[in-house]
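Just so it is clear: chains get the letters A, B, ... in the order the sequence lines come, proteins before strands, and each one is counted from 1.
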Number of protein chains: 2
Amino acid sequence: MKASVNDVAERAGVSVSTVSRAFTRPELVSERTRKKVLQVADELNFSVSRSAVALKRGQTFRIALLAGGHIDWFSARILEGLNSVLHDTGYDFSIYAITHDEERARFFEQLPVRRNADAIIVSSFNLSPDETDRLHAMGIPIVGINAVSPGEFDASISIDDTAAIQILVRHLVALGHRRIAYLYEEAISPLRFSSHQRVTGFTQLCDELDGVTGTAIAVRHGDDCANVAVTTLLSQPNPPTAICVHQDSWAIPLFFRLPRYGIRIPDDLSVTGFDDSDFAEEVGLTTVRQLPRDMAATAARMALDLINGRTPEHRHITAPVQLMLRSSTAAPRA
Amino acid sequence: MKASVNDVAERAGVSVSTVSRAFTRPELVSERTRKKVLQVADELNFSVSRSAVALKRGQTFRIALLAGGHIDWFSARILEGLNSVLHDTGYDFSIYAITHDEERARFFEQLPVRRNADAIIVSSFNLSPDETDRLHAMGIPIVGINAVSPGEFDASISIDDTAAIQILVRHLVALGHRRIAYLYEEAISPLRFSSHQRVTGFTQLCDELDGVTGTAIAVRHGDDCANVAVTTLLSQPNPPTAICVHQDSWAIPLFFRLPRYGIRIPDDLSVTGFDDSDFAEEVGLTTVRQLPRDMAATAARMALDLINGRTPEHRHITAPVQLMLRSSTAAPRA
DNA sequence: CTGTTAGCGCCTTCAA
DNA sequence: TTGAAGGCGCTAACAG
């Protein structure tokens, strides 16, 4: 059932090293021998054992992925992108799904990755200096995706969250909006997610722009975004005329529930999202597109470079974003 | 940087076997020795190399996951569920993302999993007898999730697709609907996805029920579900009063676009989904809930049992579904 | 171009 | 309770 190089060697009448070479460096083996070996290998259902290669070469052929515990639209794209590059090079994934702060603490304390991954990819996490140090102590390359860290990653690719949110703000201001709200996720832990930069980017630009009032409103985890939105709209005489939400999926409740309470989009309220995820086009949501699948593929290539001792052409990349204009934004009514 | 059992042994003044035992069978080592070893291991940043253990034990500590190339809501839950059980037992994932038919053919021809996974988990695939045979030839346990196969899996967990769709039909019929349409995904290859059973289940029950007309309509991959729906409604004098769609996400376009053309849900048309995925509650979609995360966790436990030579308590499990009544279904208007 | 051999890091008899 | 030694399957010198 399980043939090894020895079995193949014996049956093909060659030595084990020839078998090994026939697979790893075919150019060193004569055409005829190689064909013979490959044929026998096939007959015997042989294929190279990654564990053995790993042991011999001192690699693990495993990539650790540190990401949020819930695989949302973004994380799913990240996995797809990583896999599209890494799978064919023989790499598998160790998925460290971090849901709670305790898990996070445990991860950084125990570093279970030690000696069991060739690289670690950090997605959408902000790391503290301490955490970055711990990671580096493992002695393997660390690649960040949308992960800002005071320390340095060996490589990284991220969108410019600040610039991205400001594009949306400028779009709204150009339409004539002067009172804008931003609904963001109240972080469970202070350093949780890198996208928190959007909040500060939003606030800053609104402050700078003459006559523009920007209000950042925290949505507690588990709270309903629509309730928060309506509360905001009803709690002041001059409510915002536009609401930016942290990510596209938050806009769904707004689209469905606001009209029932007499608030039409975009007539009474403009709404913007973030991500350009699956249904954004469907519902006509103005948003900022990022391409996490592509970002992850790039991150994977950089990781491979670093693992193999090559220097990636670029080590720190800013990924492009694009404003997607749709029907959820319009000029405010007089 | 990379300490091995030898380093730990030397520094702790014991033999390598003692170090090994301190980790794998602590009960065989005296309290004092064990503490000493663990302490030194910590100082040296030691942790057991999975590659070496794998080689020694003849396992791989990898699980192959065969699934669709796009990680949708369902696949993401599957990954979460598998990882929740398998991660802590030292298992990583080899993700075989099958997008095209050629990829599928290549997979079954080359069987790259050979000797590089301890089990294979097949999610949402229908396998041909040939494919099942090929899989079995690898000599590792095969566990199916929502995967129906003429051959046998070593273990499986699936919902009853036929029963599930029929619950929805009966719900609609009880409300008074007599003309019902079912929008299903036209399979790219005849054996593609197991959920095709829903179509036959739908058609069968409608045929059986007196006075009920069921129409199954194929939606081509990439086609817009809303266009298909409106076409259906306008192409006959007595159009359906209810539409069942293949999965929740297809309902989103209906909710958004139908009202613009004067079709209100549920007043003019009842709509049902399938899955109870994230936004279903938000938009008030009547649907059937399945719990893929739980199913995957169960599948993972069965896989572990089979890998370790244990017999799972149940080998073939039918997972529960539940009708989720919401506001997208109502009695048809006279 | 091909064969021989040592050893990657660990576990597991077997012996003490 | 601990130690010594072989070998899991493969690759990379080194030798021929």
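- The phosphate of dG7(D) has neither OP1 nor OP2 within less than 4.0 Å of any side-chain N or O from Arg57(B).
- Atom-to-atom, CZ of Phe61(B) to C1' of dG9(C) comes out at 13 Å; the value is rounded to the nearest Å.
- When atom types are taken as modelled, the side chain of Glu80(B) and the backbone of Ile71(A) share a donor-acceptor pair closer than 3.5 angstrom.
- Here dC10(D) presents its P atom at 15 Å from NZ of Lys56(B), a figure rounded to the nearest Å.
- A straight line from CD of Glu10(B) to C1' of dC10(C) spans 17 Å, rounded to a whole angstrom.
- Residue Ser20(A) is classed as a base contact, given a heavy-atom separation below 4.0 Å to a base.
- Of the listed nucleotides (dG3(D), dC10(C), dT2(C)), dT2(C) has the atom at the smallest distance from the side chain of Ser30(A).
- Position along DNA chain C of the nearest nucleotide to Arg21(A) versus Val19(B) favours Arg21(A) as the more 5'-ward residue.
- What separates CG of Leu28(A) from P of dA13(D) is a distance of 12 Å, to the nearest Å.
- One interatomic measurement links the two molecules: NZ of Lys35(B) to C1' of dT1(D), which rounds to 18 Å at whole-angstrom precision.
- Within 4.0 Å (heavy atoms only), Phe23(B) reaches no atom of the nucleic acid at all.
- Between the side chain of Arg134(B) and the backbone N or O of Glu109(B) there is at least one donor-acceptor pair closer than 3.5 Å.
- Remark: C1' of dG9(C) and CG of Asn45(B) are 17 Å apart, rounded to the nearest angstrom.
- At distances below 3.5 Å, at least one donor-acceptor pair connects side-chain atoms of Asn116(B) with backbone N or O atoms of Val48(A).
- Taking the six-membered ring where the residue is Trp, the centroids of His316(A) and Phe153(A) are separated by 6.0 Å or more.
- Here Ser51(B) lies out of heavy-atom contact (under 4.0 Å) with every strand.
- Atom C1' of nucleotide dT12(C) and atom CG of Leu55(B) are separated by 14 Å, given to the nearest angstrom.
- In this structure, CD of Glu31(B) is placed 16 Å from C1' of dT2(D), rounded to the nearest angstrom.
- In this model, the phosphate group of dG3(D) is approached by a side-chain N or O of Thr18(B) to a distance below 4.0 Å at OP1 or OP2.
- The side chain of Val29(A) sits closest to dT2(C) out of dA6(C), dT2(C), dT4(C).
- Heavy-atom distances to DNA chain D give each of Ser15(B) and Ser17(A) a nearest nucleotide, and the one nearer the 5′ end belongs to Ser15(B).
- Using a 4.0 Å cut-off, some side-chain N or O of Thr33(A) falls inside it from OP1 or OP2 of dT2(C).
- A salt bridge is absent between Glu103(B) and Arg106(B): the closest approach of a Lys/Arg side-chain nitrogen to an acidic carboxylate oxygen does not fall below 4.0 angstrom.
- The side chain of Ser49(A) lies closest to dG9(D), out of dG9(D), dC8(D), dT11(D).
- DNA chain D is contacted by both Arg25(A) and Gly13(B); Gly13(B) maps to the nucleotide lying nearer its 5′ end (nearest heavy atom per residue).
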